[in-house]
Amino acid sequence: MGAYLDAALIPVGQALLSGVLVGGVYGLMSIGFSLAFGVMRIVNFAHGDLVMYGMYVGVIASTAFGVDPLYAIPLSFLLMALLGAAQYQLVFKRFVGAATLQQLLAAIGLGLVLQMIAQVVFGADARSAPSMFGGQFVLLGPLFASAAQIVAFIVAVLCTIAVEALLLGTRWGKSVRAVADDIEAAELVGLSAQTINITAFALACGLAGIAGTIMVTYYPVDPSKGLSLMPIAIIATTIGGLGSIRGSFFGGLFCGVVQQLTAMLWNSALQDVPLYVLLLVFIAYKPTGMFGFRTE
Amino acid sequence: MSLLAVEGLSVAYGDVLAVRDVSFAFEEGEVFVLLGANGAGKTSILRCISGMVPARGGAVTSGGRRLNGLRPHQVARAGISHVPEGRRIFPNLTVEENLAVSFIGARAHDNAAGALAAVYEFFPRLAERRRQFGGTLSGGEQQMRASGRAIMNVPKLLMLDEPSLGLSPVMSELVFERLAAIRAQNTTILLVEQNATCLELATRGVILQNGRVLLSGEREALQDSEFVRRAYLGV
Ligand SMILES: Nc1ncnc2c1ncn2[C@@H]1O[C@H](COP(=O)(O)OP(=O)(O)OP(=O)(O)O)[C@@H](O)[C@H]1O
Ligand SMILES: [Mg+2]
């Protein structure tokens with residue numbers, strides 16, 4: 001009897017383990033999304049597309065230069081942070097402080113542009129970039145995990161801790177939190193809200209780049225990848241408490257677990273369905289509350 | 001050259017003129033009061049000095065330097081500290097962080113520890129609450145924090161927008177007591193109030209009505225004015 005139960009529980013345990021491992025990377029992706037919202041009230045619908053570009057950074061490092069994608073993490077962070085700063089300056093600056101419908105549309109438009117550019121530059125085919133840990137598996141009792149996913153998870157956790165430490169413990173972090181609380185009062189104590197916002201936005205986008213580069217070590221990329229990741233970022237951020245870094249990370253874990261449990265109990269092709277349903281529920285019941293949209 | 005000179009200042013929100021052709025000036029070491037009823041334009045004047053709203057006309061200068069067109073953080077870094085109406089604490093920062101952000105803004109990290117200690121000496125209540133989040137302070141404590149933060153960097157000019165608003169008589173007395181002490185440390189103060197009792201602290205001031213200067217002069221002249229007697233002292 002016990003043995004049967006154990007046998008039945010193993011797949012569940014396996015799904016939980018895999019869910020937590022991929023969920024950590026979703027978490028890293030989501031904290032960037034959450035940061036832009038929490039500090040600037042910007043709902044960056046193009047955030048997933050920066051994850052997608054981060055994935056291509058890994059692909060190019062590996063295929064064009066023969067470099068392990070894991071070594072491309074700093075470059076990916078830097079490139080996406082720069083791209084993010086440019087986006088802020090060109091598009092989002094004027095929307096700071098009010099998540100309006102226009103802002104959302106601007107972000108969606110920006111995402112479409114980024115996807116088209118990826119389509120032209122990288123083609124529509126799915127590409128992948130295994131790291132040095134690719135194809136290796138680690139046994140944990142009756143369960144197993146891919147080494148690439150474990151490494152990605154560890155990187156994601158370390159980055160999340162680093163971001164929290166940055167926000168709580170540094171002068172820059174205190175300034176960011178002050179601007180998030182009250183942008184006008186922050187200006188009055190001599191903080192330049194523009195400087196702080198652009199650096200916070202760049203950090204948010206840089207994190208998306210890292211998330212992409214570690215994800216591509218076990219998951220293929222194509223130009224639509226970013227868009228398909230957005231529901232996860234939105235759900236993770238919404239259930240984790242908008243603007244909360246830690247909450248978004250755990251929200252990401254939750255999404256990963258839901259995905260893997262669905263894949264195990266139902267069908268892996270339908271693994272995202274419960275997440276879409278959750279998103280629809282959020283939209284149906286909290287259409288404005290979710291992001292505090294103002295439609296005027 | 002005056003520490004602060006406001007000349008022919010007008011401030012408008014859309015078509016509504018909130019401040020019309022207001023002029024006043026004061027020197028270092030003064031406590032200058034802007035007195036007026038609700039909607040007189042007091043807050044608008046302070047917000048304009050700080051660069052939060054543009055001037056529709058006129059000029060603001062400090063020691064001859066033009067302030068119009070500067071961003072609020074630039075005005076703050078020029079040594080003009082503005083404690084806005086409603087105190088505006090950062091709710092998700094601790095009391096200590098609330099105070100500390102002004103050093104980051106002023107880029108005066110070297111003085112931080114000493115000045116923090118000075119503020120705690122000034123407002124012992126804040127020292128007890130230093131690890132508490134700003135949002136959990138009582139109104140009076142928030143006012144202490146706001147004034148504390150504003151004096152951290154020994155500003156050239158401290159502008160306070162109705163610091164006694166919403167405080168109990170005891171609390172507001174404490175705040176004014178502290179203001180007198182701040183002034184004794186040679187900080188110039190621009191004080192916005194509806195309550196004429198603050199005139200006791202003042203050297204000079206103006207009375208505003210509907211965005212215009214009704215009367216301008218020395219403390220005694222203001223205290224003896226018909227307007228103050230009628231509106232504020234009920235005689
Ligand atoms: N953001 C704004 N938009 C439109 N009108 C405004 C705005 N802020 C102030 N006003 C108007 O400008 C006028 C002056 O307002 P202000 O806040 O400067 O008055 P105040 O003297 O500070 O009053 P109180 O004592 O009530 O704080 C008022 O008629 C007010 O309605
Ligand atoms: Mg006012």
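Residue numbers start from 1 in every chain, and the chains themselves are labelled A, B, ... in the order their sequence lines are given, proteins ahead of strands.
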TODO: Please report the shortest heavy-atom distance between A/L191 and B/V101, naming the atom on each side.
DONE: CD2-O, 4.1 Å

TODO: Could you please state which residues from residues 68-75 of chain B sit under 4.5 angstrom from chain A, measuring non-hydrogen atom to non-hydrogen atom, sorted by number, or 'none'?
DONE: B/R71, B/P72, B/H73

What side-chain donor-acceptor pairs closer than 3.5 Å can you find for residues 158-168 of chain A, not counting sequence neighbours?
| from | atom 1 | to | atom 2 | distance (Å) |
| --- | --- | --- | --- | --- |
| A/T160 | OG1 | A/A156 | O | 2.8 |
| A/E164 | OE1 | A/R246 | NH2 | 2.9 |
| A/E164 | OE2 | A/R246 | NE | 3.3 |

Open item on the list: Are there over 12 heavy-atom neighbours, none belonging to A/F250, within less than 6.0 Å of that residue's CZ?
Closed with: no

TODO: Output the distance between atom CD (A/E184) and atom NE2 (B/H82), rounded to the nearest 0.5 Å.
DONE: 9.0 Å

Task: Within residues 90-97 of chain B, residues adjacent to chain A where the heavy-atom gap is under 4.5 Å - done: B/F90, B/P91, B/N92, B/L93, B/E97

TODO: For atom CZ of B/R183, decide whether the heavy atoms of other residues, nucleotides or ligands shown that lie under 6.0 angstrom number more than 12.
DONE: yes

- [ ] Count the heavy atoms belonging to other residues, nucleotides or ligands that lie under 6.0 Å from CD of B/E28, then report whether that count exceeds 12.
- [x] no

- [ ] Just give me the residue among A/A178, A/A180, A/S175 that pairs up with chain B most often, heavy atom to heavy atom, under 4.5 Å.
- [x] A/A178

- [ ] Would you mind checking which part of A/A186 comes under 4.5 Å of any heavy atom in chain B, side chain (CB onward), backbone (N, CA, C, O), both or neither?
- [x] both

Task: Inter-chain contacts: residues 48-58 of chain B against chain A, heavy atoms under 4.5 Å - done: B/S50, B/M52

Open item on the list: Tell me whether A/R171 contacts the main-chain N or O of B/I104 through its side chain, where contact means a donor paired with an acceptor under 3.5 Å.
Closed with: no

